[in-house]
Amino acid sequence: MKAILFCLCAFSFVCCEAVYKRWLLDTNFENPQNWNVKRAPCGNDVVILPDDSPVVYMQMNTTIKELVLPSTGELILGNSVSLGFTASPSSGCPDAKGDVEFTAVHPGPWMNPKDWCATSTERGTCDKSPRLEVENVPCRYDDVIFPRNRAYFVDLSELDSNTTVKSLKLIGSSLTTASFASFVNSSDGQRMFRRGKTAGPVLQISRQACDDQGGCACGNDRPEITKKICAYVNKNCARPRCSNSILPTGMCCRSCGASLKITKGYGFVLDEFKSILKKEFFNDTVSSKSDSQVG
Ligand SMILES: *[C@@H]1O[C@H](CO)[C@@H](O)[C@H](O)[C@H]1NC(C)=O
Ligand SMILES: *[C@@H]1O[C@H](CO)[C@@H](O)[C@H](O)[C@H]1NC(C)=O
Ligand SMILES: *[C@@H]1O[C@H](CO)[C@@H](O)[C@H](O)[C@H]1NC(C)=O
Ligand SMILES: *[C@@H]1O[C@H](CO)[C@@H](O)[C@H](O)[C@H]1NC(C)=O
């Protein structure tokens, strides 16, 4: 079973079905992960947004004792959000035993597969089925989503001039190569995106879907990109429990099993090939329903 799975994965070029890649991190006030105490500020807290804070978006009502703002920075209050201040401790808020400090001050790397979730619809739940590690990062034909009502801090410095996606939607707006480049260059954009030193656009937004029924390559299997992506994964690789482990293209960790490399010829239809494999090896007769399990 496992061997077949890898062979499919290594061949999991997308065709014709939209794959959304949604950014999972945010720099929101209400996100417990963004604070040293691993909870959102409340009650008697003295709350500190340090000087290197990115844009912070607030989508919760809370009451705190004190808020220390950075000398330059931005705190965006969402719709009908109220932030109250009180000197008298309220019940229901654990004692922080010190200041409550915003800690999400480092940009999340675009190239880290953990920072993305793949979904079949813009707001759908994350698809956890097996996927090559390099394909967890947006591919050439993917739609990239940064959802509304959040702020972000993203490290784009590892992208090169060939990094391409099909579309990018940032907080509800669809951007083009030029409009994204100019946003990243603006003062607001610089607080949300860290670009590298290279000149020119940071990311190519092609608006081009894959129209080859034989499938289209993700693009992240370029060795220089795989190397960057795998740098985030490699330290968590489990040691394979076999003597002859394999490292299929697009994976970061060695594993046990077999992989099959295929060169596609004229008239090859990826979806047909997938359903044949499923029928013959997975004993699966309801192929169309469970397609995403394999891709
Ligand atoms: C905050 O309070 C306002 C008014 O009390 C309410 O309309 C709003 O829904 C609340 N927002 C949240 C995120 O709870
Ligand atoms: C981009 O792709 C072209 C053609 O494949 C290649 O010659 C060039 O070196 C690539 N640039 C970078 C920065 O990888
Ligand atoms: C970025 O900003 C600099 C100056 O702030 C400007 O010279 C440059 O043309 C801008 N680039 C883009 C792509 O907007
Ligand atoms: C496939 O499924 C059928 C019935 O569902 C079963 O009889 C058969 O043994 C299975 N074959 C394999 C290879 O699992």
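All ligand and atom numbering here is 1-based and tracks the order in the structure. Quick caveat, the model's predicted, so the values are computed rather than measured.
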Which residue and non-hydrogen atom of the protein lie closest to atom 1 (C) of ligand 1, and at what distance in Å?
-> N61 ND2, 1.5 Å
Step-by-step side chain to side chain contact (heavy atoms under 4.5 Å, CB included) determination, N34 to D26 = CA-CA 8 Å; N34 293 342; D26 63 53; 3.4 Å; yes
How about atom 13 (C) of ligand 1: does it have a protein heavy atom within less than 4.0 Å?
-> yes
Can you tell which of V55, N28, N149 makes a side-chain contact (heavy atoms from CB on, under 4.5 Å) with I76?
-> V55
heavy-atom search around atom 8 (C) of ligand 1 in the protein gives S80 O, 3.6 Å
Under 30°, 30 to 60°, or over 60°: which ring-plane class applies to F146 and F193, parallel, tilted or perpendicular?
-> perpendicular
Closest approach of G78 to Q59 (non-hydrogen atoms, all atoms of both residues) = CA-OE1, 3.8 Å
What do you reckon, does Q59 have a nitrogen or oxygen under 3.5 Å from a nitrogen or oxygen of ligand 1?
-> no
